[in-house]
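Since the structure is predicted, the reported quantities are computational estimates derived from the model, not experimental observations. For the numbers below, each heavy atom of this structure counts, side chains included, while hydrogens, waters and symmetry mates do not.
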Amino acid sequence: MHNNANSLVVLDFETSGLSPDNGDRAIEIGAVKINNGVIIDTFQSLMNPGFRINSFIENYTGINNRMLQSAPPCHEVMAEFADFIGSDNLLAHNASFDKKFLDAELNHIGQNYLGEFACSLLVSRRININAPNHQLSTLVNYKNLASEGSFHRALFDAQMTAKLWLCMLDDIENQIKHEYVPFELVKRIAKTPKKNIPTLLAKW
DNA sequence: TGCCAGGCCCTCTTTAGGGCCTT
């Protein structure tokens, strides 16, 4: 099995808190699969973490304990999600957050993934230099991306992250000589200091 | 009982501090 460079899975977790190291678990996963700039598949499921979530998380996400009670357990959902990911590369808004939960949840079931993570937050900070801030909802507004749904639900946030990503790829594409933006380049952008971005893009 | 995230990035920086972003 080898890495599929043309396919990208954009994912978003809702969780019981900020840190799996403190016992927090995923409570919802939403994801879309992008191929050649088109969304070709989606994945969404609540999952029961095995304990009650607090009222802050209920209010923040709109996901409540009654909904989670009837949801399948994390290990079932994550096994299906691992199949959905396959060998694709991965993308999330503030990827370090979703990566640590993906790693923790897959570790619980002894599974792994092959793809590399990209982060739309790190790219946005370098590309959308005039945005008021780089929260997902702000950027969706800033870029005038059509949106109908609720932020802080996994599938909607994944869909919005995907739209934002494609929009940023367009912006980058207009600044480089290549006809498309290779994954290698977005990884480079995310690691390059903001002031060096124009030089980096000019070289592509 | 008391504790409670962590990586990135800027700057009044590097012998550090604090805001941003994710739930």
Sugar-phosphate, base or nothing in reach of A/D24, heavy atoms under 4.0 Å: nothing
Rounded distance in Å between the P positions of B/dG18 and B/dT14: 13 Å
Rounded distance in Å - NZ (A/K191) to P (B/dC9): 12 Å
Sugar-phosphate only, base, or nothing, as touched by A/D98 at under 4.0 Å among non-hydrogen atoms: nothing
Whole-Å P distance, B/dC3 and B/dC9: 32 Å
Co-membership, hydrophobic cluster, residues A/F97 and A/I29, 4.5 Å side-chain: yes
Steps toward side chain to side chain donor-acceptor pair (under 3.5 Å) verdict (A/T15, A/D24): CA-CA 7 Å; A/T15 69; A/D24 288 321; over 6 Å; no
Whole angstrom value for the distance that separates P of B/dT23 from CD of A/E28: 11 Å
Touch class at under 4.0 angstrom, heavy-atom based, for A/F13 against every strand present: sugar-phosphate
Note, A/L139 side chain near A/H93 side chain (heavy atom, < 4.5 Å): yes
For atom CD of A/E58 and atom C1' of B/dT23, their distance in whole Å: 14 Å
Selected nucleotide, minimal atom distance to A/Q135 side chain, candidates B/dT23, B/dC21, B/dG6: B/dC21
Single-linkage hydrophobic cluster A/F156~A/I57, side-chain heavy atoms < 4.5 angstrom: no
Span that lies between the C1' atom of B/dG17 and that of B/dT13, in whole angstrom: 9 Å
Euclidean distance, atom CG of residue A/L121 to atom P of B/dG7 [Å, nearest integer]: 15 Å
Touch class at under 4.0 angstrom, heavy-atom based, for A/L122 against every strand present: sugar-phosphate
Closest to the A/N22 side chain, choosing from B/dT23, B/dC4, B/dC9: B/dC4
A/H93 side-chain N/O to B/dC21 phosphate OP1/OP2 under 4.0 Å: no
Spacing of A/I172 atom CD1 and A/I189 atom CD1 [to the nearest 0.5 Å]: 3.5 Å
Separation of the P atoms in B/dC12 and B/dG6, to the nearest angstrom: 28 Å
Verdict with reasoning, A/E105 to A/Q111, per side chain to side chain donor-acceptor pair (under 3.5 Å): CA-CA 9 Å; A/E105 290 298 340; A/Q111 289 207 233; over 6 Å; no
Salt bridge flag under 4.0 Å for residues A/K143 and A/D170: no
Proximity to the side chain of A/N94 - top-ranked nucleotide from B/dT22, B/dT23, B/dA5: B/dT22
Sugar-phosphate, base or nothing in reach of A/S16, heavy atoms under 4.0 Å: nothing
Touch class at under 4.0 angstrom, heavy-atom based, for A/D157 against every strand present: sugar-phosphate
B/dC21 to B/dG2 separation - P atoms, rounded to the nearest Å: 34 Å
Nearest listed nucleotide, side chain of A/R125, among B/dT23, B/dC8, B/dG6: B/dC8
For atom CG of A/L102 and atom P of B/dT22, their distance in whole Å: 18 Å
Most 5' of A/I27 and A/S19 on DNA chain B, judged by nearest nucleotide: A/S19
Distance, rounded to the nearest Å, where A/H134 contributes NE2 and B/dT22 contributes P: 11 Å
Integer-rounded Å distance: B/dT22 P and A/F117 CZ: 15 Å
Of the listed nucleotides B/dG6, B/dT23, B/dC8, the one nearest the side chain of A/R126: B/dC8
B/dT23 and B/dC4, which share atom name P, separated by this distance in whole Å: 22 Å
Touch class at under 4.0 angstrom, heavy-atom based, for A/L18 against every strand present: base
Between P of B/dT11 and NZ of A/K194, the distance in whole Å: 8 Å
